[in-house]
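Numbers restart at 1 for each chain; the letters A, B, ... are given by sequence-line order, proteins then strands. If you're wondering where the values come from, they're calculated on a predicted model, not measured in any experiment.
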Number of protein chains: 2
Amino acid sequence: MNLELTPETIKVACSNCNLRELCMPVGLDFVDMQKLDEVVATRRHVKQGDLLFRDGEEFKSLFAIRTGFFKTSVATPDGLEQVTGFQMAGEIIGLDGIVTDKHSCNAIALEDADVCVMPFSNVEQLSREFPVLQRHVHKVMSREIVRENSMMMMIGNMRSEERLAVFLLNLVQRLHARGFSQAEIILRMSREDIASYLGMKLETVSRAFTRLSDEGVIEVKQRYVGILNHKALKKIVNPNACD
Amino acid sequence: MNLELTPETIKVACSNCNLRELCMPVGLDFVDMQKLDEVVATRRHVKQGDLLFRDGEEFKSLFAIRTGFFKTSVATPDGLEQVTGFQMAGEIIGLDGIVTDKHSCNAIALEDADVCVMPFSNVEQLSREFPVLQRHVHKVMSREIVRENSMMMMIGNMRSEERLAVFLLNLVQRLHARGFSQAEIILRMSREDIASYLGMKLETVSRAFTRLSDEGVIEVKQRYVGILNHKALKKIVNPNACD
DNA sequence: AACATCATTTGATATAAATCAAGGCAATTT
DNA sequence: AAATTGCCTTGATTTATATCAAATGATGTT
């Protein structure tokens with residue numbers, strides 16, 4: 001007999017997922033929500049260090065992260081890794097693949113993860129039937145465009161300490177939106193990953209951590225980061241801010 | 001009587017626009033193409049130096065550039081301008097506004113321009129009826145995401161000369177796709193704009209120009225840039241490339 | 001033509017971050 | 001418990017780019 005439900009084949013319903021406010025459009029009635037359950041085909045488990053998809057791989061699905069933490073990266077011309085983003089529960093990953101039907105980056109699990117596999121044809125099909133889903137998909141993509149705009153601004157203009165401050169503020173904000181502490185972070189990525197993402201070297205990241213720590217703004221112990229003075233952290237990014 | 005057609009109100013048809021291969025999905029029959037004419041509401045003329053839209057302004061429409069050249073920019077925390085992109089004929093501008101229903105950047109015409117105004121509600125409406133248009137919209141957004149990924153990679157990892165090489169290669173490639181020379185560019189933007197876009201200072205851009213010029217790779221005279229050695233320019237970006 | 005304005009180039013110097021190198025800390029293995 | 005390994009921190013030095021400053025060149029104006 002075969003009663004085993006392998007993680008690869010579990011069928012899930014968005015309608016009773018506690019993350020649906022993050023992945024799915026809001027303001028749907030229960031009936032519509034049940035129809036939207038069709039977007040998700042299966043779930044997939046990804047072990048820490050494993051790839052969800054890789055650069056060049058055929059694009060078929062978007063993935064909604066249920067649990068776990070990912071980084072996406074591209075290869076530089078000289079073969080190094082450039083981290084392009086970090087993604088957590090409730091976020092959508094794989095949008096890069098739409099334009100060429102091939103993924104253009106690698107998605108690596110920084111901790112054991114579960115993702116909802118959403119075949120893009122399902123997404124497009126249901127988008128045509130549900131304007132609210134269509135709008136949602138557009139917003140998710142637009143949000144990513146705006147995020148990258150501000151990343152460019154940051155890497156192009158800010159000093160190392162400022163970049164790290166922005167990075168930490170963004171992380172706590174996203175974690176807080178998921179019910180975690182506003183004052184504590186357990187980093188899932190290495191100093192090297194952070195450095196790559198912020199366009200600096202790992203030693204510079206380390207020094208920026210110690211400087212923020214010396215200033216009493218944060219408390220660092222390996223991958224634990226305590227935000228001691230949220231306001232001061234914001235001031236580092238924007239000294240003129242009044243709030 | 002009122003026979004004047006102001007530039008603000010000219011109605012245009014994609015079906016006989018010579019740029020449609022760039023803005024519109026390919027492989028449409030004439031009947032479908034005529035229906036798609038409805039996406040474009042009006043045309044709008046933007047004078048050099050004027051804004052097509054500004055940060056914070058309500059988002060209602062995407063814009064397809066018919067003629068002219070734009071830059072988009074955001075403000076840094078200290079009030080400086082960070083250029084986030086340059087757009088030319090056939091490209092779509094305004095995607096940043098979808099996520100919050102407000103534009104999150106400024107779009108400034110670097111030369112007199114004509115744009116097709118595409119109310120986003122029309123785009124969404126017709127996307128539901130024409131899967132090929134829907135797919136096209138998704139691809140346009142995904143392309144922008146991928147472009148910004150590679151910009152991050154570039155700003156984070158490359159030296160000034162390499163960044164300028166990438167920038168010039170990208171420009172000629174896009175201009176060539178529009179029927180212009182593969183070997184000559186008339187820059188529409190200032191050194192300062194280029195510097196901001198590439199995450200450097202205008203003096204550094206200037207020095208990078210002279211260095212590439214001294215190496216005999218390009219020829220620079222103000223805003224005219226001649227590509228003397230396309231291969232060498234590529235080699236600067238990726239010394240190991242075999243083509 | 002002389003003048004003013006703006007954009008660009010060039011030079012000298014300062015500086016933030018990269019690089020090179022060593023040491024420390026924590027977790028895992030033997 | 002000692003040893004290995006991976007990750008992070010710290011220190012010394014170099015380097016690419018930023019900054020400051022001036023000169024040059026193009027464009028438009030009176």
Expressed as a whole number of angstroms, how long is the span from A:E162:CD to C:dA17:P? 9 Å
A:D114 versus A:H45, side-chain donor and acceptor atoms under 3.5 Å: yes
Would you call A:M158 and A:V237 a side-chain contact if the rule is heavy atoms closer than 4.5 Å? yes
Just checking A:R223: base, sugar-phosphate only, or nothing, at a heavy-atom cut-off of under 4.0 Å? sugar-phosphate
Please report the distance, rounded to the nearest Å, between CG in B:D193 and P in C:dC6. 16 Å
Residues 198-233 of chain A vs ring-ring contact (aromatic ring centres under 6.0 Å, His included), sequence neighbours excluded, gives none
Among residues 71-84 of chain A, which residues get a heavy atom nearer than 4.0 Å to DNA chain C? none
Would you compute the distance between atom CD1 of B:I145 and atom CG of A:L95 and round it to the nearest 0.5 angstrom? 4.5 Å
Consider only side-chain N and O atoms of A:Q87 and A:T72, and report whether a donor and an acceptor are under 3.5 Å apart. yes
Is there a side-chain contact between B:E111 and B:T67, using heavy atoms and a 4.5 Å cut-off? no
For atom CZ of B:R223, decide whether the heavy atoms of other residues, nucleotides or ligands shown that lie under 6.0 angstrom number more than 12. yes
What integer distance in Å separates B:L187:CG from C:dT8:C1'? 12 Å
A:K60, NZ atom: more than 12 neighbouring heavy atoms under 6.0 Å: no
Heavy atoms within less than 4.0 Å of DNA chain C: which residues of residues 149-161 of chain A have one? Give them sorted by number. A:R159, A:S160
With rounding to the nearest 0.5 Å, note down the distance linking CG in B:L169 to CZ in B:R174. 12.5 Å
Charged N to carboxylate O below 4.0 Å: is that the case for B:E91 and B:R143? no
Rounded to whole Å, the CD-C1' distance (B:E192 to C:dT5) equals 16 Å
Count the heavy atoms of every other residue, nucleotide or ligand shown that sit under 6.0 Å from CD of A:E57, and state whether that count exceeds 12. yes
So, do A:R211 and A:L164 sit near enough that their side-chain heavy atoms are less than 4.5 Å apart? no
CZ (A:R178) with more than 12 external heavy atoms under 6.0 Å: yes
Expressed as a whole number of angstroms, how long is the span from A:L164:CG to D:dT9:P? 11 Å
Hey, what's the ring geometry for A:F53 with A:H103, parallel, tilted or perpendicular (30° and 60° as the breaks)? parallel
To the nearest 10 degrees, what angle separates the axes at the start and end of the helix from C:dA1-D:dT30 to C:dT30-D:dA1, five pairs each? 30°
Going 5' to 3' along nucleotides 22-28 of chain D, which nucleotides have protein heavy atoms under 4.0 Å from the base (write B), which only from the sugar-phosphate (write S), and which from neither (write -)? ----S--
Apply side-chain contact (heavy atoms from CB on, under 4.5 Å) to A:V74 and A:C105, showing your working. CA-CA 5 Å; A:V74 296; A:C105 67; 3.8 Å; yes
Ignoring hydrogens, what is the shortest heavy-atom contact between B:M141 and B:I98? Give both atom names and the distance. CE-CD1, 3.6 Å
Where along residues 197-216 of chain B does a heavy atom fall under 4.0 Å from DNA chain C? B:L202, B:E203, B:S206, B:R207, B:T210
